[in-house]
Amino acid sequence: MSAKSPGPNEHFLQVYRRKFRAWRGTRPFWAGLLTILGGVPIAYLPYGNIKLGNLTLALATTAGAGSLIIGVLLMVLGLTMWFQVHTRVFAGVAAILLALVSLVVSNFGGFLVGFLLALFGGALGVSWGEPESVPAKGRTDKEPEPATAGGPNGADGVSATDELSGTIPVDGTNGRHRAG
């Protein structure tokens with residue numbers, strides 16, 4: 001018997017890390033994370049106290065409930081960007097609007113930290129595009145075929161896409177363009 005196992009022996013953390021990276025690549029992960037992190041200071045700061053030595057500074061405002069609602073909604077929108085990818089544009093626009101409202105309602109948007117995080121998270125959510133599949137190596141449908149004498153590109157082997165002088169009529173107008 002040998003000391004090595006016959007099958008692949010990957011550590012379970014490497015397997016989970018690889019699966020997480022694959023999951024993260026199919027959704028606006030950073031947009032959701034920034035939106036969630038932006039909701040935390042907006043929701044927490046109106047209820048928090050800061051101790052400076054023996055002095056306690058209470059940040060409570062009259063709009064504490066509004067701040068809590070805005071912060072929780074931003075956290076929910078961040079989770080929505082992760083788990084409902086098709087609603088990322090709506091969630092991004094809503095996150096941007098809530099971040100702007102938090103400037104007025106919640107201690108300048110969580111002292112601008114929550115505002116900026118939620119604003120960038122919403123913008124990333126709106127601008128994120130689904131990854132395109134990478135074509136396999138080799139010829140694709142968009143590439144023109146090589147020119148051959150007597151082939152489909154013409155008797156001289158020059159196709160209309162290869163000719164750059166503009167003297168070969170492509171659309172049957174003999175090089176002229178309509179002006180109207």
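All residue numbers in this chain count up from 1 along the given sequence.
With hydrophobic clusters built from ILVMFWY side chains whose heavy atoms lie under 4.5 angstrom apart, I69 does not share a cluster with V104. In the hydrophobic clustering of ILVMFWY residues, with side-chain heavy atoms under 4.5 Å counting as a link, V105 and I42 come out together. Note on L68: it does not cluster hydrophobically with L79, by side-chain heavy-atom contacts below 4.5 Å among ILVMFWY residues. The cluster map of Ile, Leu, Val, Met, Phe, Trp and Tyr, joined by side-chain heavy atoms under 4.5 Å apart, puts F83 and M75 in the same cluster. Cluster annotation: F111 is not connected to L103 through the hydrophobic network of ILVMFWY side chains, with a link wherever side-chain heavy atoms come within less than 4.5 Å.
Put simply, CG on L45 and OG on S106 are 7.0 Å apart, with the number rounded to the nearest 0.5 Å. Here the NE2 atom belonging to H11 is positioned 13.5 Å from the CZ atom belonging to R17, to the nearest 0.5 angstrom.
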Does the side chain to side chain contact (heavy atoms under 4.5 Å, CB included) test come out yes or no for L74 and I70, once each step is laid out? CA-CA 6 Å; L74 283 172; I70 289 172; 4.1 Å; yes
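The two atoms that bring V126 and V93 nearest to each other are CG2-N, 3.7 Å, heavy atoms only. Taking each heavy atom of P41 and G38 in turn, the nearest pair found is CD-O, 3.5 Å. Closest of all the heavy-atom pairs between A91 and T80 is CB-CG2, 4.4 Å. Shown here for S102 and A99, the closest heavy-atom pair between the two residues is OG-O, 2.6 Å.
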Identify all side-chain donor-acceptor contacts of residues 114-125 below 3.5 Å with residues at least two apart in sequence or on another chain.
none

Could you go through residues 22-33 and list every donor-acceptor pair under 3.5 Å that involves a side-chain atom there, pairing it with any protein atom two or more places apart or in another chain?
{"from": "T26", "atom 1": "OG1", "to": "W23", "atom 2": "O", "distance (Å)": "2.8"}
{"from": "R27", "atom 1": "NE", "to": "W23", "atom 2": "O", "distance (Å)": "3.0"}
{"from": "R27", "atom 1": "NH1", "to": "W82", "atom 2": "O", "distance (Å)": "2.5"}

